[in-house]
Amino acid sequence: ADDHMNPRRGFFLLAFIFFSRMVGFLIFSKGFLLKRVVIPDYSVCPNGPAAASDDTHFTHTCNGDARRFKRVVWLLIDALRYDFIVYDAALDPSPPPYRNKMPFIRDLLREHPQHARIFKLIADPPTTTMQRLKALTTGSLPTFIDISSNFNSHEILEDNLLHQAKASGRNVTFMGDDTWLGLYPRLLTKAFDYPSLNVKDLHTVDNGVVANLLPELRKYDADFVVGHFLGVDHVGHTYGPFHPTMAEKLLQLNDVLR
């Protein structure tokens, strides 16, 4: 009788294993491999008229010139960890290579507390460049499945910060990581882009931003300027935060900000 029951037990065991794996796969796919839902609508000024643009994807704009500031300068330092910029005097005079190398931020917080803040962001994965740029510019949350697009970025056709700047008549000047050109090929008035995938190249992107930043800021048409530094990220990938090269890179960017 036992020999007769063994095949049935084996069948039910295999069926249970198969069922368990299928349930696990479905839970994983529904909870981890989320599909991102794109909202096709674009924000418009509540008190201003909407006008059609030349681009069929971007049909709304706001007229008027009510500016609080003449210019916006947005500098992104890729992979700039919170502990890279928080100054800890207790570590002096021999801090690790990644600590206390950006005293300008400390001085800014002390001298102009009404104009300077530090906020700590805990980013959900994936933390690759394309996904974080999409999150920063659209205000949405990227999904993990988007990581497959990091090396082949597609144009963003949903409402975003650059579209709003362009739609309100502002020029968008960009310099730095060439990922931006894949995301916003039609929204950048002027672009100084540099290759970003070679993590052994620590200086090309940053030096390109430094070379173009001040000359562009001196021009009257620089309304919205974006500079994306990549050197800290590449040093981290190549050497790690404890290498002297990290100290050199952070000191360079401290001088740029100053």
Side-chain angles (χ1 to χ4, degrees), residues 72-86 96-102 104-105 108 117-142 144 146-154 156 160-162 172-185 187-188 191-213 216 224-258:
V72 173
V73 181
W74 187 14
L75 299 181
L76 298 173
I77 301 178
D78 210 299
L80 186 66
R81 288 178 2 191
Y82 182 75
D83 54 348
F84 286 8
I85 61 174
V86 174
Y98 64 92
R99 295 302 304 270
N100 296 359
K101 299 301 185 294
M102 304 190 77
F104 172 71
I105 296 179
L108 196 63
R117 293 287 189 274
I118 294 180
F119 297 97
K120 186 175 185 179
L121 171 67
I122 300 177
D124 293 329
T127 57
T128 48
T129 300
M130 189 276 286
Q131 287 74 29
R132 302 325 306 174
L133 291 181
K134 184 183 292 187
L136 287 170
T137 55
T138 66
S140 61
L141 297 176
F144 197 86
D146 283 341
I147 196 171
S148 61
S149 303
N150 188 61
F151 304 107
N152 184 25
S153 303
H154 301 290
I156 293 178
N160 59 80
L161 188 61
L162 274 68
V172 180
T173 302
F174 168 77
M175 54 202 72
D177 187 335
D178 60 357
T179 304
W180 287 76
L181 264 69
L183 299 177
Y184 299 111
L187 295 181
L188 304 176
F192 304 91
D193 58 295
Y194 302 92
S196 59
L197 295 181
N198 181 12
V199 296
K200 302 293 184 182
D201 184 355
L202 311 180
H203 305 297
T204 297
V205 177
D206 289 3
N207 290 345
V209 177
V210 172
N212 292 286
L213 183 57
E216 289 302 314
F224 185 14
V225 180
V226 180
H228 186 163
F229 295 92
L230 205 56
V232 172
D233 179 65
H234 284 188
V235 173
H237 283 298
T238 305
Y239 298 111
F242 293 95
H243 196 274
T245 307
M246 181 62 78
E248 297 172 3
K249 178 56 66 176
L250 292 173
L251 288 171
Q252 177 195 12
L253 293 175
N254 182 74
D255 291 339
V256 171
L257 295 177
R258 190 182 297 277

Looking at [atom1] of [X] and [atom2] of [Y], how far apart are the two atoms once the value is rounded to the nearest 0.5 Å?
| X | Y | atom1 | atom2 | answer |
| --- | --- | --- | --- | --- |
| Asp201 | Thr238 | CG | OG1 | 9.5 Å |
| Leu80 | Ile105 | CG | CD1 | 6.5 Å |
| Leu183 | Leu162 | CG | CG | 9.5 Å |
| Met130 | Ile156 | CE | CD1 | 7.5 Å |
| Phe84 | Ile77 | CZ | CD1 | 11.0 Å |
| Leu136 | Leu76 | CG | CG | 6.5 Å |

Quiz item: Considering residues at least two apart in sequence or located in another chain, which fulfil the side-chain hydrogen bond (donor to acceptor under 3.5 Å, both in side chains) criterion with Asp193?
Solution: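 Counting only residues at least two positions away or on another chain, Asp193 forms no side-chain hydrogen bond (donor to acceptor under 3.5 Å, both in side chains).
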- prompt: Is any side-chain heavy atom of Leu257 less than 4.5 Å from a side-chain heavy atom of Leu108?
  reply: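 The answer is no, as the side chains (C-beta and beyond) never meet within the 4.5 Å cut-off.
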Next item on the list: Using the side-chain contact (heavy atoms from CB on, under 4.5 Å) rule, take Lys134 and Asn160 through it: C-alpha gap first, then chi angles, then the decisive distance, then the call.
Entry: CA-CA 9 Å; Lys134 184 183 292 187; Asn160 59 80; over 6 Å; no
Show, in sequence, the C-alpha distance, side-chain angles and deciding distance for Asp83 and Arg99, and conclude whether the side-chain contact (heavy atoms from CB on, under 4.5 Å) test is met. CA-CA 7 Å; Asp83 54 348; Arg99 295 302 304 270; 4.2 Å; yes
Self-check item: Phe229: partners by ring-ring contact (aromatic ring centres under 6.0 Å, His included), with sequence neighbours left out
Solution: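 Partners of Phe229 under the ring-ring contact (aromatic ring centres under 6.0 Å, His included) test: none.
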Side-chain donor/acceptor pairs under 3.5 Å, residues 244-253, sequence neighbours excluded:
from   : atom 1 : to     : atom 2 : distance (Å)
Thr245 : OG1    : His243 : ND1    : 2.8
Lys249 : NZ     : Leu202 : O      : 3.0
Lys249 : NZ     : His203 : ND1    : 3.2
Lys249 : NZ     : Asp206 : OD2    : 3.1
Lys249 : NZ     : Gln252 : OE1    : 2.8
Gln252 : NE2    : Asn207 : OD1    : 3.3

Checklist entry - So, for Leu230 and Ser196, which heavy atoms are closest and what is the spacing to 0.1 Å? => result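 Minimum heavy-atom separation between Leu230 and Ser196: CD2-CB, 3.4 Å.
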Worksheet entry | Nearest heavy atoms of Gly176 and Val209, plus distance in Å |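 Minimum heavy-atom separation between Gly176 and Val209: CA-CG2, 3.6 Å.
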Handout entry: Geometric class of the Trp74/Phe224 ring pair [parallel <30°, tilted 30-60°, perpendicular >60°]
Key =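 Because their plane-to-plane angle is under 30°, the rings of Phe224 and Trp74 count as parallel.
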Tyr184/Val172 under side-chain contact (heavy atoms from CB on, under 4.5 Å): CA gap, chis, key distance, verdict:
CA-CA 11 Å; Tyr184 299 111; Val172 180; over 6 Å; no
Among Val205, Leu133, Thr179, exactly one meets side chain to side chain contact (heavy atoms under 4.5 Å, CB included) together with His228. Which residue is that?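 Considering Val205, Leu133, Thr179, a side chain to side chain contact (heavy atoms under 4.5 Å, CB included) with His228 is found only for Leu133.
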